[in-house]
Amino acid sequence: MLRLTTLTSVLALMATGLAAEEIKVGVSPGEHAEIMEEVARIAEPMGLEIDVVEFSDYVVPNQALADGDIQANSFQHVPYLEAQMKDRGFELSVVGNTITTPMGVYSDKITDLADLEEGATFGIPNDPTNGGRALLVLQEIGLIKVDEAAGLVPTVLDITENPKDLSFKELDAAQLPRSLADLDAALINTNYAIASGLSPKEDSIAMESAENPYVNVIAVRKGDEDAAWVETLLKAYHSDEIKTFIDESYQGTVITSW
């Protein structure tokens, strides 16, 4: 049986003689996927059918977009996108902001950073932008200091002060939640935390400040910025319904950024 929104969409399109436009949007697991499913529901009666495609890492969605396998993606912040375009030569464009997801510290061994022992091992993402972001979070909460000259992408080589003599294990971002048993603590992106059953609000022992430069965005291939479907996608995403869905679903652990 057709959903009411689907039936309404079909009747409207039949009346105008137009066919619904179909696009594929790449997302990462967790909140990006959950939100885009809601966006797809809202966009359907507007004449846009969105096939939400989940990717398990941070590299493939941009490659898939550049290759034309998908028409847009919604999973990354601006520093990561800019690094990907520089390193891999992707010709992509930002068409709109989505959400901000503060990175959190998680641990299976401690419940308070004060209990962190000297020489503890921290897991951080192994991609430069999220790895650098993790180190900046550790600086923000007072565990290390990094060289200011490194900007938003410091590495462990840029650590200038490390009073607890922490060591760092760099892992794929998606692997960090599964590796908590082997680490003293880890910096985990919100989408992978949620996808693995962790609650940023209840399970994290520290969170990145909401005032940070890591606003997530919707990206498309250069040349598609003015496509009609982009306007519809953004209208659906930036709707009051989506803002309410985010506010009610994530209780402040995911923040709207438009």
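Sequential numbering from 1 along the given sequence is applied to the chain's residues. Below, each value reflects all heavy atoms present in this structure, side chains not excepted, and no hydrogens, waters or symmetry copies. Given the structure is predicted, the values throughout are model-derived calculations rather than measurements.
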Check: Given side chains that start at C-beta, do those of T190 and E31 come closer than 4.5 Å, heavy atoms only?
Finding: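 Side-chain contact under 4.5 Å: yes.
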
Notebook entry, point to check: Quick one: does K145's side chain get under 4.5 Å of I159's, heavy atoms only?
Noted result: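 No, their side chains stay 4.5 Å or more apart.
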
I'd like to know if [Y] and [X] are part of one continuous hydrophobic network [Ile/Leu/Val/Met/Phe/Trp/Tyr, side-chain heavy atoms within less than 4.5 Å].
X	Y	value
L81	I218	no
V156	L136	yes
L233	V94	no
V137	V153	no
I255	I99	no

Next item on the list: Just grab all the ring pair (Phe, Tyr, Trp, His ring centres under 6.0 Å) pairs involving residues 211-248, residues at least two apart or on different chains.
Entry: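 For residues 211-248, and leaving out neighbouring residues, the ring pair (Phe, Tyr, Trp, His ring centres under 6.0 Å) pairs sorted by first residue read H77-Y214, Y237-W258, H238-W258.
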
Next item on the list: Name all pairs fulfilling the ring pair (Phe, Tyr, Trp, His ring centres under 6.0 Å) condition that reach into residues 36-55, sequence neighbours left out, sorted by first residue then second.
Entry: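 Pairs touching residues 36-55 that pass the test: none.
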
Checklist line | Hydrophobic cluster (4.5 angstrom, side-chain heavy atoms) - remaining members for Y58 | finding: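 So far as hydrophobic clustering goes, Y58 is joined with V59, F75, Y80, Y106, L171, L176, L180, L183, I188, Y192, L198.
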
Check: Rest of the hydrophobic cluster containing V215 (Ile/Leu/Val/Met/Phe/Trp/Tyr, side-chain heavy atoms under 4.5 Å)?
Finding: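 Taking Ile, Leu, Val, Met, Phe, Trp and Tyr as members, V215 stands alone, with no cluster partners.
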
Margin query: Holding to ring pair (Phe, Tyr, Trp, His ring centres under 6.0 Å), I want the full list of residues that pass it with F122, two or more places apart in sequence or in another chain.
Written below: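 Not a single residue meets the ring pair (Phe, Tyr, Trp, His ring centres under 6.0 Å) criterion with F122.
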
Next item on the list: Write down the atom of N191, the atom of S28, and the distance for their closest heavy-atom approach.
Entry: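 Taking every non-hydrogen atom into account, ND2-OG, 3.1 Å.
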
Note to self: Show me the pairs that pass side chain to side chain donor-acceptor pair (under 3.5 Å) and involve residues 147-173, at least two apart or across chains.
What the structure shows: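 The answer is T121-S167, T155-D158.
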
Checklist line | Partner set under salt bridge (charged side-chain N to carboxylate O under 4.0 Å, His left out) for E34, not counting sequence neighbours | finding: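 Per chain and number, E34 pairs via salt bridge (charged side-chain N to carboxylate O under 4.0 Å, His left out) with no residue.
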
Taking only residues at least two apart or on different chains, which pairs with a member in [range] satisfy salt bridge (Lys or Arg N to Asp or Glu O under 4.0 Å)?
range	result
residues 206-215	R133-E208
residues 177-198	none
residues 213-228	R221-D224

Margin query: Nearest 0.5 angstrom please: L166 CG to L135 CG, how far?
Written below: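 Separation between the atoms: 10.5 Å.
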
Margin query: Under the criterion side-chain hydrogen bond (donor to acceptor under 3.5 Å, both in side chains), I'd like the reasoning laid out for K201 against T253: C-alpha separation, chi angles, the key distance, then a yes or no.
Written below: CA-CA 6 Å; K201 188 172 184 178; T253 59; over 6 Å; no

Next item on the list: List for me each residue that meets side-chain contact (heavy atoms from CB on, under 4.5 Å) alongside E241, sequence neighbours excluded, and say none if there are none.
Entry: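 E241 satisfies side-chain contact (heavy atoms from CB on, under 4.5 Å) with I42, S239 only.
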
Next item on the list: Check side-chain contact (heavy atoms from CB on, under 4.5 Å) between A43 and all other residues, then give those that pass, not counting sequence neighbours.
Entry: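 Here the qualifying residues are L48, I50, A236.
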
Notebook entry, point to check: Will you find, in the side chains of Q76 and N73, an N or O donor that is under 3.5 Å from an N or O acceptor?
Noted result: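 Yes, because at least one side-chain N or O of Q76 sits under 3.5 Å from a partner of the opposite role on N73.
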
Next item on the list: Establish, from distance only, whether the side-chain atoms of T98 and N216 form a donor-acceptor pair under 3.5 Å.
Entry: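 Looking only at side-chain atoms, N216 and T98 do not form any donor-acceptor pair under 3.5 Å.
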
Notebook entry, point to check: Should we count CD of E231 as having more than 12 external heavy atoms under 6.0 Å?
Noted result: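 Result for CD/E231: open.
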
